[in-house]
Amino acid sequence: MKHLSTCSLCEACCACVLHIEDEQIVKVLPDTNDPLSQSFMCQKGRAIPELEAHPLHLNQPMIRRDGVLSPATWEEAFSRIEDILAPILAEHGPDALAIYLGNGAAHNFELSQYIEPLLTAAGTKNFFTSGTVDQVPRQVVSGLLYGSIESVPVPDIDRCDLICIIGANPVESNGSLWTTPGILRRLAQLKSRGGKIAVVDPQHSRTAKLADFHLAIRPGTDAWLLAAVARELFEFGEWRESRLAPYLNHIDKLIPLFDPFTIARASEVCGLPAEAIVNLVEQLKLTSRAAIYGRMGVTTQRRSSLTVWLMDLVNILAGNLDTEGGVMFPKPLASQTNTYPKPEYSEGFSIGKWHSRVSHYPEVMGELPVRCLHEEIHTDGPGKIRAMICMAANPRLSNTNAPKITAALESLEALICLDIFVNETGQLADVVLPSPPKLARCNYDRYFYQFTVRNYARYTQSFRELKAGERDDREIILRLMAILMGLPWDADIEKIDEDSLLQKLEQERQRPNSRIAEVSLEDLKAELFKLEPKERRLDLDLRNGPYGDAFTGNEGISLESLKENPNGLDLGALQPRIPELLRTRSDKIEIYQEFAVNELRGLADEETPEEGEFRLVGRRKLASNNSWMHILPSLQNDRNRCELLISCEDASKLNISDGETIEVSRAQRSIRATAKVTEDIRPGVVSLPHGWGHNSLPGVDKLMPDPGVNVNELTDDADVDVLTNTNCLNGYTVKINRL
Ligand SMILES: Nc1nc2c(c(=O)[nH]1)N[C@H]1C(S)=C(S)[C@@H](COP(=O)(O)OP(=O)(O)OC[C@H]3O[C@@H](n4cnc5c(=O)[nH]c(N)nc54)[C@H](O)[C@@H]3O)O[C@H]1N2
Ligand SMILES: Nc1nc2c(c(=O)[nH]1)N[C@H]1C(S)=C(S)[C@@H](COP(=O)(O)OP(=O)(O)OC[C@H]3O[C@@H](n4cnc5c(=O)[nH]c(N)nc54)[C@H](O)[C@@H]3O)O[C@H]1N2
Ligand code: SF4
Ligand SMILES: [Mo]
């Protein structure tokens with residue numbers, strides 16, 4: 001039997017076909033009929049059957065008894081959660097509970113659509129995600145400039161003539177905030193139509209190896225490079241004639257700020273030949289179909305928000321924002337803030353609606369920065385975090401300041417995890433609940449269709465019913481909600497779900513210019529309740545979305561349409577969306593930003609970085625997925641090791657040989673890593689991947705000959721993006737010593 005599904009392990013969201021024998025998935029192959037991924041899948045997707053058969057894959061709840069995690073029934077697990085959480089909440093109030101959401105949650109449709117109801121039930125201001133060790137600066141800049149954090153411009157890769165990739169390695173990562181499955185094929189097509197690729201990266205990554213121009217920049221200096229490019233483009237002046245010119249609020253006020261950023265100075269600061277920068281400017285002037293894109297090397301460095309702002313500014317000045325072949329805004333099917341009918345007056349976007357208790361960090365995008373999690377757990381007083389629900393995350397490895405995070409997690413009165421493994425964080429938990437196997441679920445990549453290179457959607461259904469002993473994420477979250485609402489865990493969860501959906505329906509009807517304002521609550525309910533509970537919210541969002549039928553009986557998309565197109569529904573190439581997309585107060589692109597002005601002034605005054613210090617950067621590998629997946633035997637290979645890359649030049653200066661164990665240190669902390677001497681990294685830079693250091697997993701020596709080290713033992717809070725408090729994971733200084 002064959003069944004259409006979607007991989008969804010990473011942001012490429014590849015369409016796949018499950019080959020099933022005796023109710024078991026024996027093979028996962030690409031869906032050749034899918035219009036977006038066009039037969040692409042990587043080795044991780046193909047390894048899903050192995051993932052689900054892995055000895056450590058979690059198939060039943062675990063609860064701590066006499067200090068040891070051991071298997072339990074669902075009833076035991078839920079009642080234990082109630083027993084430990086209810087008294088904490090009753091005595092200390094909702095802020096005593098933190099909710100932590102990890103990367104895996106964005107890739108789990110069923111779980112992700114119950115996050116909002118869960119947060120409403122929890123009522124805590126202590127909500128954390130991995131976003132502030134990831135993409136928050138990109139989204140915050142979008143919020144400030146375009147009025148919506150979901151307005152993230154993506155390279156129109158299939159139609160551009162030049163792509164400039166800064167601090168990203170999509171050939172290994174398959175793209176991020178940019179759903180572009182089969183990136184290798186897409187880059188090859190770009191080249192075969194005469195297009196060019198520029199890569200700005202201190203590593204000679206697999207993406208950099210495809211580049212016509214590789215700028216092996218000194219880490220942390222991209223703002224200088226982009227500011228110098230912007231200065232040239234301001235002078236060139238073509239932007240004054242562009243379609244977007246009338247929408248660029250106060251852009252002229254920015255021009256004098258760029259005086260200090262000459263190419264000559266940028267060349268010194270970035271450690272790049274001046275000609276390379278001149279060439280980049282000339283390439284941008286030559287074509288009106290160019291796209292600048294940046295990811296982890298941009299969004300997790302010291303001046304991330306400024307760097308993202310500069311990327312957008314350069315895209316604007318070069319005439320490449322919101323234009324075919326440039327960077328464009330997708331128009332996803334399920335309602336996103338930038339696809340609801342435009343209100344008469346938009347509210348715009350701001351940060352700081354509340355602040356963290358100890359260090360007073362502002363809220364960003366509804367969450368607090370993860371850098372304050374440990375102090376919020378450790379510091380006594382009203383509002384102290386005493387319990388945490390951690391979903392599809394492994395903060396013990398993925399968060400900066402690992403020693404402090406581990407100590408904080410250990411000190412919690414209650415830690416509840418939801419995962420498909422007992423990961424390093426789960427090992428400290430009181431209860432670990434399992435999500436059902438990946439491919440035994442329906443899927444709609446709601447989050448990632450915001451960043452897709454075509455307007456596209458695919459809904460796939462589960463190939464089987466849940467087995468006895470499996471509970472779906474919807475039920476799990478609703479039971480957690482019951483407990484947070486002060487009800488018993490076995491309360492009527494269908495009623496909780498129904499009430500929360502009705503609340504959402506009412507909110508949607510009340511939106512300014514709502515498409516469904518005229519439809520009665522009863523009619524909406526009658527329509528939605530024809531569907532399975534887990535499909536109702538998606539159907540609402542599709543029908544209430546920009547292509548939806550708005551429950552009018554007219555033509556338009558609903559979940560039914562997606563079910564009728566199981567190979568994916570392609571609504572075509574991206575279209576220009578400005579001004580329709582703008583949700584700022586001025587209804588313009590708010591390119592003039594106080595934060596950027598202050599940051600530019602600070603940047604101009606900075607000293608040229610010193611030679612002689614090492615700067616550490618990360619890297620992703622195709623066969624890993626952050627802190628997991630590399631435990632699968634088929635994904636352990638020589639190209640996917642937790643090694644410290646060091647340049648031949650530095651290795652020879654320090655007398656370090658390939659394979660030698662060396663010490664990497666920062667302030668008072670140090671770790672040991674195996675050196676890999678290579679030509680593929682800029683001298684003065686070393687690279688270590690994150691998500692390793694699995695020594696504490698049971699039986700790891702048999703499962704994984706090389707568990708690696710956790711780079712976040714070193715990564716501290718000293719460097720940070722000032723606007724968003726996103727941690728700096730790339731480009732901080734370290735010392736390298738032979739043992
Ligand atoms: N130094 C350094 N640190 C980093 C980074 C870096 O580049 N350098 N990258 C950062 C980034 S970008 C990110 S996104 C974070 C990632 O860090 P986290 O958000 O902590 O996520 P992962 O490490 O991907 O772990 C995901 C967990 O989810 C589980 N999981 C997978 N699928 C499901 C599911 O369907 N249901 C449930 N319940 N669980 C599931 C997996 O078993 C795994 O334990 O790390 C960040 N940390
Ligand atoms: N196979 C695989 N795919 C993944 C993941 C995974 O773990 N494995 N993780 C997923 C997640 S959560 C994310 S967020 C994405 C990330 O996707 P990417 O950002 O594409 O992946 P990275 O390998 O982190 O690439 C960051 C690059 O930035 C460079 N860099 C570091 N510092 C600087 C700097 O200061 N300036 C410049 N110009 N470059 C710098 C690094 O050398 C590195 O090559 O990948 C996703 N996809
Ligand atoms: S690139 Fe690989 S892991 Fe990512 S969605 Fe596609 S098959 Fe899955
Ligand atoms: Mo990420």
Side-chain angles (χ1 to χ4, degrees), residues 8-12 42-44 51 57-58 100-111 129-131 133-135 165-178 199-208 215-222 225 270 294-302 307 370 390-400 402 417-426 433-438 441 473 476 615-630 640 645 681-682 685 687-691 710-712 714-715 727 729-731:
S8 196
L9 279 168
C10 85
E11 300 179 42
C42 82
Q43 53 191 276
K44 292 190 296 302
L51 167 71
H57 188 275
L58 191 62
Y100 191 108
L101 211 61
N103 180 273
H107 295 280
N108 178 332
F109 161 69
E110 293 184 26
L111 194 160
T129 77
S130 299
V133 275
D134 186 352
Q135 88 296 352
I165 298 174
I166 310 182
N169 186 8
V171 173
E172 299 276 0
S173 71
N174 283 301
S176 179
L177 296 182
W178 185 28
V199 172
V200 182
D201 196 314
Q203 297 189 71
H204 198 214
S205 64
R206 276 178 73 205
T207 307
L215 285 72
I217 196 167
R218 178 181 282 135
T221 63
D222 302 79
L225 171 69
C270 306
R295 206 42 195 95
M296 286 302 282
V298 165
T299 58
T300 55
Q301 57 161 271
R302 205 160 53 89
T307 312
V370 286
C390 179
M391 293 185 286
N394 196 0
R396 210 175 145 194
L397 292 193
S398 59
N399 253 346
T400 50
C417 292
L418 173 61
D419 210 286
I420 51 175
F421 283 93
V422 179
N423 64 19
E424 286 74 8
T425 306
L433 302 173
S435 280
K438 289 228 161 254
R441 315 178 195 154
D473 290 300
I476 296 169
R615 283 168 183 260
L616 189 120
V617 298
R619 68 173 181 278
R620 279 166 168 78
K621 282 288 165 199
L622 192 61
S624 279
N625 204 1
N626 297 320
S627 71
W628 65 296
M629 288 210 77
H630 40 239
N640 186 31
L645 304 187
I681 193 158
R682 181 191 158 98
V685 182
S687 168
L688 199 58
H690 73 288
N710 180 7
V711 66
N712 286 325
L714 287 181
T715 320
N727 280 80
L729 309 174
N730 281 295

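Counting starts at 1 for both ligands and their atoms, in listed order.
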Which of the numbered atoms in ligand 2 are under 4.0 angstrom from any heavy atom belonging to Asn730? 31 (C), 32 (N)

Starting from atom 36 (N) of ligand 1, which protein heavy atom do you reach first, and at what distance in Å? Ser435 OG, 3.2 Å

If hydrogens are left out, which of Leu58, Asn103, Asn399 has an atom nearest to atom 21 (O) of ligand 1, that is, the closest non-hydrogen atom? Asn103

Here the gap from Ser435 atom OG to Leu418 atom CG, rounded to the nearest 0.5 Å, amounts to 4.0 Å

Minimum heavy-atom separation for Thr425 and Cys390, please, with both atom names. CG2-SG, 4.1 Å

We want to know whether Glu11 and Ser176 form a side-chain donor-acceptor pair, criterion being a heavy-atom distance below 3.5 angstrom. yes

Select one of side chain, backbone, both or neither to describe which atoms of Arg620 lie under 4.0 Å from any atom of ligand 1, heavy atoms only. side chain

Using side-chain heavy atoms (C-beta onward) and a distance below 4.5 Å, is Lys44 in contact with Leu622? yes

Polar contacts were defined as any N/O atom of the residue lying under 3.5 Å from an N/O atom of the ligand; does this apply to Phe421 and ligand 1? no

Protein residue, atom and distance nearest to atom 33 (C) of ligand 1, heavy-atom basis: Lys438 NZ, 3.7 Å

Tell me: protein heavy atom nearest atom 17 (O) of ligand 1, and distance? Ser398 CB, 3.0 Å

May I ask you to list the atoms of ligand 2 that are less than 4.0 angstrom from any heavy atom of Leu622? 1 (N)

Which residue from Ser173, Cys270, Pro202 reaches closest to atom 3 (N) of ligand 2 through any of its heavy atoms? Ser173

Which of the atoms in ligand 2, numbered in the order shown and given with their element, are less than 4.0 Å from a heavy-atom of Asn625? 5 (C), 6 (C), 7 (O), 8 (N)

For atom 7 (O) of ligand 2, tell me which residue out of Asn626, Val133, Leu177, Thr299 has the closest non-hydrogen atom. Asn626

Heavy-atom distances under 4.0 Å decide this one: backbone, side chain, both or neither, for Ser176 against ligand 2? side chain

If you define the side chain from C-beta out and look only at heavy atoms, does anything of Ser130 sit under 4.5 Å from Tyr100? yes

Region of Ile420 engaging ligand 1 - heavy atom pairs below 4.0 Å: both

For Asn423, the ligand 1 atoms with a heavy-atom partner under 4.0 Å come out as 44 (O)

If we set the cut-off at 4.0 Å for heavy atoms, which region of Val200 has an atom near ligand 2: side chain, backbone, both, or neither? both

Any N or O of Ala392 that comes nearer than 3.5 Å to an N or O of ligand 1? yes

Any nitrogen or oxygen of Arg218, side chain or backbone, less than 3.5 Å from one on ligand 2? no

Please determine whether any non-hydrogen atom of Met629 lies less than 4.0 Å from an atom of ligand 2. no

Which protein heavy atom lies closest to atom 4 (C) of ligand 1, and at what distance to 0.1 Å? His690 CD2, 3.4 Å

I'd like to know if the side chain of Asn108 pairs up with that of Asp473 as donor and acceptor (distance under 3.5 Å, no hydrogens or angles considered). yes

Would you say Asp222 and Gln301 are linked by a side-chain donor-acceptor pair, where the criterion is simply a distance under 3.5 Å? yes

Is there a donor-acceptor pair closer than 3.5 Å between any side-chain N or O of Arg682 and the backbone N or O of Ala216? yes

Answer yes or no: does an N/O atom from Gly167 fall short of 3.5 Å to an N/O atom of ligand 2? yes

Among Ala208, Gly297, Gly175, whose heavy atom sits nearest atom 34 (C) of ligand 2? Gly297

By number and element, which atoms of ligand 1 are closer than 4.0 Å to a non-hydrogen atom of Gly102? 19 (O)

Tell me every residue that passes ring pair (Phe, Tyr, Trp, His ring centres under 6.0 Å) with Trp178, counting only those two or more places apart in sequence or in another chain. Tyr293

Give the single entry among Arg441, Arg619, His107 that approaches atom 35 (O) of ligand 1 most closely by any heavy atom. Arg441

What atoms of ligand 1 come closer than 4.0 angstrom to any heavy atom of Asn108? 34 (C), 35 (O), 36 (N)

Those atoms of ligand 1 less than 4.0 Å from some heavy atom in Val711: 1 (N)

If you measure every N/O of Pro219 against every N/O of ligand 2, is any gap under 3.5 Å? no

With side chain to side chain donor-acceptor pair (under 3.5 Å) as the test, pick out the partner of Arg295 among Thr300, Asn169, Asp134. Asp134

Quick note on ligand 2: atoms under 4.0 Å from a heavy atom of Ser624 include exactly 1 (N), 2 (C), 6 (C), 7 (O), 8 (N)

Taking atom 19 (O) of ligand 1 as the reference point, the nearest protein heavy atom with its distance: Ser130 OG, 2.6 Å

Of all the atoms in ligand 2, which lie at a distance below 4.0 Å from a heavy atom belonging to Gly220? 34 (C), 35 (O)

Distance-only, no hydrogens or angles: does the Arg620 side chain make a donor-acceptor pair with backbone N or O of Asn625 under 3.5 Å? no

Part of Ser627 within contact of ligand 1 (heavy atoms, under 4.0 Å): both

Among Asp134, Ile217, Asn169, Leu225, the residue with a heavy atom nearest to atom 25 (O) of ligand 2 is Asn169

Can you find an N or O of Lys621 that's nearer than 3.5 Å to an N or O of ligand 2? yes

Closest heavy-atom pair and its distance - Ala168, Asp201: O-OD2, 3.9 Å

If we ignore hydrogens and angles and just use 3.5 Å, is the side chain of Asn423 paired with the main-chain N or O of Trp628 as donor and acceptor? no

For ligand 1, note which part of Leu729 has a heavy atom under 4.0 Å away: side chain, backbone, both or neither. side chain

Would you please determine whether Met296 falls within less than 4.0 Å of ligand 1 on a heavy-atom basis? yes

Considering only non-hydrogen protein atoms, determine which one is nearest to atom 31 (C) of ligand 1 and report residue, atom name and distance to 0.1 Å. Trp628 CZ2, 3.4 Å

Heavy atom under 4.0 Å from ligand 1: found in Gln135's side chain, backbone, both, or neither? neither

Which of the atoms of ligand 2 are close to Ile166, meaning less than 4.0 Å from one of its heavy atoms? 38 (N)

Which ligand 2 atoms are under 4.0 Å away from a heavy-atom of Gln203? 41 (C), 42 (O), 43 (C), 44 (O)

Taking heavy atoms and a distance under 4.0 Å, where does Asp419 meet ligand 1: side chain, backbone, both or neither? both

Under 3.5 Å side-chain donor-acceptor pair for His690 and Asn626: yes

Between the main-chain N or O of Ser8 and the side-chain N or O of His107, is there a donor-acceptor pair closer than 3.5 Å? yes

When you compare the side chain of Val685 with that of Pro219, does any pair of heavy atoms fall below 4.5 Å? yes

Picking from Thr715, Thr400, Asn399, what satisfies side chain to side chain donor-acceptor pair (under 3.5 Å) with Asn727? Thr400

Which of the ligand 2 atoms, numbered from 1, are nearer than 4.0 Å to a heavy atom of Glu172: 1 (N), 2 (C), 3 (N)

What is the closest protein heavy atom to atom 1 (N) of ligand 1, and at what distance does it sit? Asn712 OD1, 2.8 Å

Side-chain heavy-atom pair Val133, Ser398 within 4.5 angstrom cut-off: no

Does Glu172 come within less than 4.0 Å of Lys621, counting only side-chain N to carboxylate O? yes

